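Indexing begins at 1, ligand by ligand and atom by atom, following the structure's order. Just so you know, these numbers come straight off a predicted model, no measurement behind them.
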Amino acid sequence: MLLSTLTTHSPEETEQAAMRFAERLQPGMFIALSGDLGAGKTVFVRGIARGLGIMRDVLSPTFTLMRQYDGGRMPLYHFDVYRLGSEEELDDAGFYDPAMADGVVVCEWAERFREALPDDRFEITIEAAGPEVRTISIGGGPDAAG
Ligand code: ADP
Ligand code: MG
């Protein structure tokens, strides 16, 4: 289900869109982020963090696989699975840890492991439409699997 499509014209605008999106987030939700390198996935996660009230700077977890951010209205678990080779490695990285149900999980490069994602999830795709223009589509949701 496609919920909305929007166009942004700066990183700040993408962050603000993500802050608004974060208002609807509840513990246990999963957000799959897709899009090329430099599309703005990490910028979007930064906005989600701000929207949840997390003050720490959000860095790409490419080398750590997962970063946890506390201090907001719920924890944020931020994965980047770009470098992972298999679903087994996902498991080793803590991707299926049930303890994360107390917060929201966001995953960059989710399209690489579509089969491994929970059925109920938000699907967010970011595409560059110019140096500073991005098209962001938001679909799915907690009842996406029906
Ligand atoms: P990804 O995580 O998808 O690889 P990043 O979020 O790390 O991408 O980087 C996106 C880059 O694109 C940043 O350098 C950011 O400043 C730039 N950018 C330019 N315009 C936008 C926009 N409208 N939205 C998001 N990022 C933008
Ligand atoms: Mg990134």
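Seen from the Mg ion (ligand 2), atom OG1 of T42 and atom OE1 of E108 lie 90° apart in angle, a value rounded to 10°.
The distance from the Mg ion (ligand 2) to the nearest N/O/S atom of D80 is not under 2.8 Å. For the Mg ion (ligand 2), the set of nearby N, O or S atoms under 2.8 Å includes none belonging to Y82.
Taking CZ of R73 as the reference point, atom CD of Q26 lies at 6.0 Å (rounded to 0.5 Å).
Within the listing of ligand 1, atoms 21 (C), 22 (C), 23 (N), 24 (N) sit less than 4.0 angstrom from a heavy atom of S10. Applying the 4.0 Å criterion to heavy atoms of D36 picks out, from ligand 1, the atoms 3 (O). Taking every non-hydrogen atom of P131 and a distance limit under 4.0 Å, the qualifying atoms of ligand 1 come out as 19 (C), 20 (N).
Comparing T14, L33, V45 against atom 25 (C) of ligand 1, the shortest heavy-atom distance belongs to T14.
Considering both main-chain and side-chain atoms, L37 never comes within under 3.5 Å of ligand 1 through any nitrogen or oxygen pair. Considering backbone and side-chain atoms alike, G38 places an N or O below 3.5 Å from some N or O of ligand 1.
With a heavy-atom cut-off of 4.0 Å, S60 does not touch ligand 1 at all.
Partner of L76 under the side-chain contact (heavy atoms from CB on, under 4.5 Å) criterion, out of V105, L52, I31: L52 alone. The ring-ring contact (aromatic ring centres under 6.0 Å, His included) test with F95 singles out one residue from F79, F113, Y77, and that residue is F79.
For D97, the side-chain contact (heavy atoms from CB on, under 4.5 Å) test picks out A99, M100, with sequence neighbours left out.
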